[in-house]
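Being a predicted model, the structure only gives us computed values, none of them experimental. All heavy atoms count here, side chains included; hydrogens, waters and symmetry mates do not. Every number for a ligand or one of its atoms is a count from 1 in the order of the listing.
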Amino acid sequence: MNGNYDYKVTAAGRVNVIGEHTDYCGGKVFPAALSLKNTVYVRANGTNVINLSWTTLPDKVSLDVNKLDGYKNLKYGNYQAGAALMWQRAGHKVLGCDMLMDCTVPFGSGLSSSAAIEVSTIAALAVIADEKFDPVEVALKAQQAEREYAGVNCGIMDQYASACGKAGNAMLLDCKTLECEYVPVVLGDYAFVITNCKKPHNLVESKYNERRTQTEEALEILQKHTDIKCLADLSVSEFIKYSSTLPEVIRNRARHVVYECDRVRRAAAAMREGDMKTLGKLLNESHKSLSDLYEVTGKELDALAYAAQSYPACAGSRMTGGGFGGCTISLVEKDGVEGFKKHVYEKYKEQTGYSAEFYDADISDGITVTRLN
Ligand code: GLA
């Protein structure tokens, strides 16, 4: 497959342990890069055209490097076009090349296939232009592509994790400063299990953007009462003091963000201390908050998380990623994983009719570059 390409460049999908819908509020998140990834086999072709092909699709797409803003409506290739355009606009060289894409991050799973595609595309372009790149800049340009090209007003979590992940580590990322602490994922007798609810997504972008706008409304009102730059600046006790100034729905959204930020801090401490019971409890609390207050779970993710939580060997389970479909992350005793999968599959199928899918993924590096020839 890769015989004729010069480089193999990869970027990771991610799972978020905890800290959901906090990144665009200046909060901390706690994701980890996965061995599910997008791989780009790339070679320069001496033209002004980026030729895209896929290992899993019959489609072939060509992008003119001088007209990169014209591909927003492509079914396949729009993420690559957006990523290349933002990289070019930032003053980097974008050369014609052939790219063969091999994506093992399931699409629409909430494990950031789009970030993996955007980040690996930019890294591949930098590599064939012989340019040393800063993975954080790659992440920021990939985020810009998602926002301005794909139309999802996302935070920085997915692209940062995809670019800067480190094998065996979760990343405690402060989305206000972009400071990142790597925390070894040492779970003792436990393991993370990622499960896809398999419900097809719809209208995710507009619902996501609406949530973001609601947090901005909350911030605007709260700033009349207290000196904060972002919602994550508000402590739980300050929130209690000022929450009555917010209309009900906006108050619920803000309450989720403030308490979720606090949970991230406690979860990272629990992971460091090897306290799996506390970590599990925080996952459950996060899910409940995302369901009741932030309203981004839906029937299927609720059924999946609650089926998981009802299994004795499971310390905790929650939806991961943007929501409205996608995956859960569960903390399960290693000896109980097989029984857990059977229990969750059956219970979830009975309740929703969907067949849950389980992924075996390791915690892996972000961008990798390998020279092939
Ligand atoms: C999506 C976005 C991220 C983040 C999560 C929710 O994955 O791309 O920026 O907001 O949702 O935590």
Side-chain angles (χ1 to χ4, degrees), residues 11-34 36 38 79 82-83 105-119 136 139-165 170-176 178 180 194 196-197 201 203-216 230-232 253-254 256-261 263-264 267 282-283 286-287 289-291 293-298 301 305 318-329:
R14 64 97 192 90
V15 65
N16 188 19
V17 176
I18 198 164
E20 220 62 87
H21 290 276
T22 52
D23 60 352
Y24 52 80
C25 299
K28 287 189 180 172
V29 292
F30 199 31
L34 294 175
L36 300 168
N38 190 56
Y79 288 122
V105 192
F107 294 125
S109 63
L111 300 178
S112 293
S113 53
S114 60
I117 292 168
E118 291 152 350
V119 168
V136 177
L140 287 165
K141 292 302 144 197
Q143 179 201 22
Q144 197 184 350
E146 186 81 35
R147 292 169 74 159
E148 293 176 22
Y149 211 85
V152 183
N153 200 8
C154 65
I156 188 61
M157 171 171 72
D158 302 352
Q159 292 78 12
Y160 195 100
S162 178
C164 306
M171 316 161 79
L172 185 58
L173 172 67
D174 183 328
C175 299
K176 194 159 78 173
L178 293 188
C180 177
I194 301 170
N196 191 340
C197 79
H201 281 200
L203 297 177
V204 176
E205 291 83 357
S206 60
K207 290 183 204 157
Y208 180 93
N209 292 344
E210 181 195 78
R211 293 301 181 281
R212 182 164 183 159
T213 309
Q214 288 169 332
T215 61
E216 283 159 6
C230 56
L231 266 190
R253 306 297 191 239
H256 164 75
V257 172
V258 171
Y259 283 76
E260 183 79 352
C261 288
R263 280 189 286 270
V264 174
L282 291 164
L283 298 187
S286 170
H287 186 89
S289 176
L290 288 156
S291 176
L293 300 177
Y294 220 70
E295 298 181 278
V296 291
T297 54
L301 279 175
R318 59 179 288 274
M319 59 151 271
T320 185
F324 309 109
C327 287
T328 56
I329 177 170

Inset, instruction - Name the closest protein heavy atom to atom 5 (C) of ligand 1, giving the residue it belongs to and the distance to 0.1 Å. - result: M157 CE, 3.8 Å
Inset, instruction - Decide whether an N or O pair under 3.5 Å exists between H21 and ligand 1. - result: yes
Inset, instruction - Could you tell me which non-hydrogen atom of L36 sits nearest to which non-hydrogen atom of P106, and how far apart they are? - result: CD1-CD, 4.2 Å
Inset, instruction - May I ask you to check if ligand 1 and T22 share an N or O to N or O distance below 3.5 Å? - result: no
Legend entry - Ion pair E295/R211, N-O distance below 4.0 Å: no
Legend entry - Top protein contact for atom 9 (O) of ligand 1, by heavy-atom distance: D23 OD2, 2.5 Å
Inset, instruction - Could you tell me the residue and atom name of the protein heavy atom closest to atom 1 (C) of ligand 1, and the distance to it rounded to 0.1 Å? - result: D158 OD2, 3.6 Å
Legend entry - Distance from atom 10 (O) of ligand 1 to nearest protein heavy atom, with residue and atom: Y208 OH, 2.6 Å
Inset, instruction - Would you check the N or O atoms of Y24, main chain and side chain alike, for any that come under 3.5 Å of an N or O of ligand 1? - result: no
Inset, instruction - Provide the full list of salt bridge (charged side-chain N to carboxylate O under 4.0 Å, His left out) pairs with a residue in residues 140-152, sequence neighbours left out, each pair given once. - result: none
Inset, instruction - Kindly say whether G13 contributes a backbone atom to a donor-acceptor pair with the side chain of S112 at under 3.5 angstrom? - result: no
Inset, instruction - Answer with side chain, backbone, both or neither: which part of Q159 has a heavy atom less than 4.0 angstrom from an atom of ligand 1? - result: neither
Inset, instruction - Could you tell me whether K207 and E210 make a salt bridge, using a distance below 4.0 angstrom between a side-chain N and a carboxylate O? - result: no
Legend entry - Short N or O distance, G155 and ligand 1, threshold 3.5 Å exclusive: yes
Inset, instruction - Please state whether M319 comes within less than 4.0 angstrom of ligand 1, counting heavy atoms only. - result: no
Inset, instruction - Would you check if there is a donor-acceptor pair between the side chains of R318 and S286 at a distance under 3.5 Å? - result: yes
